[in-house]
Amino acid sequence: MEVLIGCGLAARRGCAASGIAFAAVALGVSTGQSATAQVPYERLVAADSEPESWLTYSGNYGSHRFSRLDQINAANVADLRVVWAYQMDEGLIETTPIVADGVMYVTEPPSSVTALDARTGKRLWKWTPQMGSDVLHIGFPEVNRGVAILDSTLYVGTLDAHLVALDARSGAVRWDVEVADNAIGFSLTLAPLALDGKIIVGVSGAEAGVRGFIDAYDPDTGKLIWRTYTIPAPGEFGSDTWGGNSWETGGGSTWLTGSYDPELDLLYWPIGNPAPDWNGDVRPGDNLYTDCLLALDPDTGEIVWWFQFTPHDTHDWDANQIQVLVDAEWEGEPRKLVVTANRNAFYYVLDRETGEFLHGTEYSKQTWAEGLDENGRPIVIPGTDPTEEGNLVWPSLQGAANWFSPSYSPMTRLFYQPTRIMGAIYYKADVEYEPGQPFMGGGEQALRGEEASGAVKALDVLTGELKWEFPLQSPPWAGVMATAGNLVFGGSEEGNIFALDAGTGEPLWNFQAGAAVRSGPMSFEIDGQQRVVNSAGGTMFVFGLPEGGGSGGARPGSF
Amino acid sequence: MRIAQTTWPLSLAVPILLLLCPPAAAQEAADAAPELEDAERAERLYRAHCARCHGVQGLGGEGPELAQLALPRVADQVQLERIIRFGIPGTGMPGARATVLDDDAVSLVAGYVLWLGAQTTVDASSVTGDADRGLDLFWAEGDCASCHIVAGQGTAVGPELTIIGLRRGADYLREALSAPAARLPVARSGARSGFFEYLPVRIVTHDGDIYNGMRMNEDSFTIQLMTVSGAFVSLRKGEIAEMEKRVGHSLMPVAQDLDEDDVEDLVAYLTTLGRGS
């Protein structure tokens, strides 16, 4: 029987529904595997040293989405099968679960948080925020990409733009703050990023003409520590890149989790498109810091450097892609790099100490730029802006890349990018800003079906050169994960959850899950067994090898 | 059949009826395209709220093609307005809250979507053939029913034609009969949206088996075919040595023995299908 626990504590917004299993967890009773989540900052920094866990959205601060587990490898991956599955609330699953100390913490659409026994899939508790029936989400579906964990607290952003701290053992609310006003289009869909003494979040809402920002909150109290706007106000640096009052509704949302370098103590955060999306006439100038990568001082929020991928964007090419931190030798010198496959179809290599542009190259079909100049600024081909009659340009507004995760394997030194190969006819229209209304100024007619396709591309991490590609029928919305087993896991719109050889792209395993895959894979280990997780349709699947790990970890004779 | 009972809003009665009228009147009515209430605002709302996923011309994108008369989930304007308001749970189709689109705006957008659909049958051409003779041709000499199902009768090699008159305009139907390979039907909704249906494929396996058929589905690892004789074939890509996707071909035979009049009569008959006349 399910009982309700913690409603009093949860106060005004939601409560955790908990089952019998809760008692064991809350009391810290040892049930073979400790169920107490204590994840101090030190564990987050050293995430690579405990591959049995998955402690942040992208697996580590460098956002590699690489698992150091190698039990599942080319020789046995064909035997993978479902160990357990979890059916979520209705909606699109774009989440990546976190696993710590035997418990999986996963979000369900639109903004619920659920704790599961990572061994058996049995639910421990579930928290659902009470949101009004008229929550706005303009330009994106009701999704959530996951939680952050710090010490024994989980942090989740909600569709109605709150940041909520939950007790990891029970799902009880510790605090709940409104990050921004949902009534004018703000939402939180990203997984927050936990740093030392700070929880960092960004917002969605550029399609409603918000003015974007990045926030840092005190993990214990929910107090705002700093806020950095992504659109400068008059008088601030970059304000001359906005004509008139256009900065007030300039967009620049911050809706995907950033990366962090603990040694340089720099936070890297990608910034979204300018608003209105397709009509650039009303916002003359480069429109800083839209479509930029910002490097910030995590203590103050001060912008240390910035790099703009798509100045004066008129195609909705947010830079909200995962920023991957790589240490490598560059022209004979060891160098700290940040690399990213941008939505605009170019792959970039930057120095992450200084923001210096080192290299860039086209990685997917594009027809809007002749290339990048020596500073990384695109050499735009005239006549590629949206028009009233429509203008066919590659890539489509969804981009060659998007929020779905790439992966970097330090073993192969390849950058794996799920790639959308798709053009669109872009239209421009007049638009006036009204609070809480779409503010886009046009639209697109994307090419589709036989005229579009996708691929998992393996790029040399330093040059962006294509090493291999695995073709997909449709442009994907699913992330990838490389592993020390020399595999790359991914998913397709056609419902395949699959594994490729990380060195060659050869397909090694395929599970038809029956619905499109829209999330990123992750991996963890329990009872000495490696697990691989991916979701399709409304179901999250946990895969493992047959030996010993099946039926919730029960071995023959243990029933 | 559910869709055959579709009731259309008043504003759309015009384009649908006109095709059943004598040709001269039809031409006149076609010139006077159906009036859209507050057309400019309706178009602006559609472009702002729907075009991102359904395309500016309603030809689809992230969402299915809306410029079609027989939308699978839409029996009438009320149902369409409900979809716009609440979305389709569990899919990528979002609902528009009242603060985004008020009731007035929802009904304008719904009218615009239905109008987009109506445009697909307001052909510049007129239907001149004899529908009764077309019916005889279809079920006898033309042998069309050996490959098509209409109202439960026939064999499914090609697409079901029970409501083809709602889905396609006369120009399209003419081309489908005289040059079937020119334009293969394209899936309008669901995961295969935008992909050719009935794409002829020729496959040779590593074992040397040869399969000729129409693709029913495909992913990066498997392909499903139906042969012209109706046999189902499932293959894994690893078994396949050669695969030719014969884009520009059709397994629908060009109606060699049919003259121009026959084609017009068949088009007239097909145009009635789904309209309950």
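Side-chain contact annotation: T128(A) with S112(A), donor-acceptor N/O pair under 3.5 Å present. Counting only N and O atoms by type, the side chains of Q473(A) and E218(B) include a donor and acceptor under 3.5 Å apart.
Between Y426(A) and W317(A), the ring planes are perpendicular. Angles over 60° get that label, and only those under 30° would be called parallel. Between Y416(A) and W468(A), the ring planes are tilted. Angles from 30° to 60° get that label.
Neither the backbone nor the side chain of F140(A) comes within less than 4.5 Å of any heavy atom in chain B. Within the 4.5 angstrom heavy-atom criterion, atoms from both the backbone and the side chain of L472(A) approach chain B. Residue contact with chain B, scored on non-hydrogen atoms closer than 4.5 Å, is absent for D89(A). Proximity to chain B is limited to the backbone of P471(A), based on heavy atoms less than 4.5 angstrom apart. Looking at Q512(A), only its side chain comes within 4.5 Å of chain B, counting heavy atoms on both sides. The part of S133(A) that comes within reach of chain B is its backbone (N, CA, C, O), which places non-hydrogen atoms under 4.5 angstrom from that chain. Contacts between Q398(A) and chain B at a heavy-atom distance below 4.5 Å involve the side chain alone, from C-beta outward. Only the side chain of I138(A) has a heavy atom closer than 4.5 Å to any heavy atom of chain B.
Per-residue counts of heavy-atom pairs under 4.5 Å with chain B were compared for G537(A), G139(A), G185(A); the largest is that of G139(A). Contact count against chain B (heavy-atom pairs under 4.5 Å) is highest for P438(A) among S396(A), G443(A), A429(A), P438(A). Heavy-atom pairs under 4.5 Å with chain A were tallied for M93(B), K245(B), H49(B); the largest tally goes to H49(B). Per-residue heavy-atom pair counts under 4.5 Å with chain B were compared for P109(A), P141(A), G449(A), and the maximum is reached by G449(A).
In this structure, E493(A) pairs ionically with R518(A), as a charged nitrogen and a carboxylate oxygen lie closer than 4.0 Å.
Contact check for T95(A) versus E108(A): no side-chain heavy atoms found under the 4.5 Å cut-off. In this structure, the side chains of K457(A) and F470(A) stay at 4.5 Å or more apart for every pair of heavy atoms.
Of the residues D385(A), D281(A), D316(A), the one that meets the salt bridge (Lys or Arg N to Asp or Glu O under 4.0 Å) test with K428(A) is D281(A).
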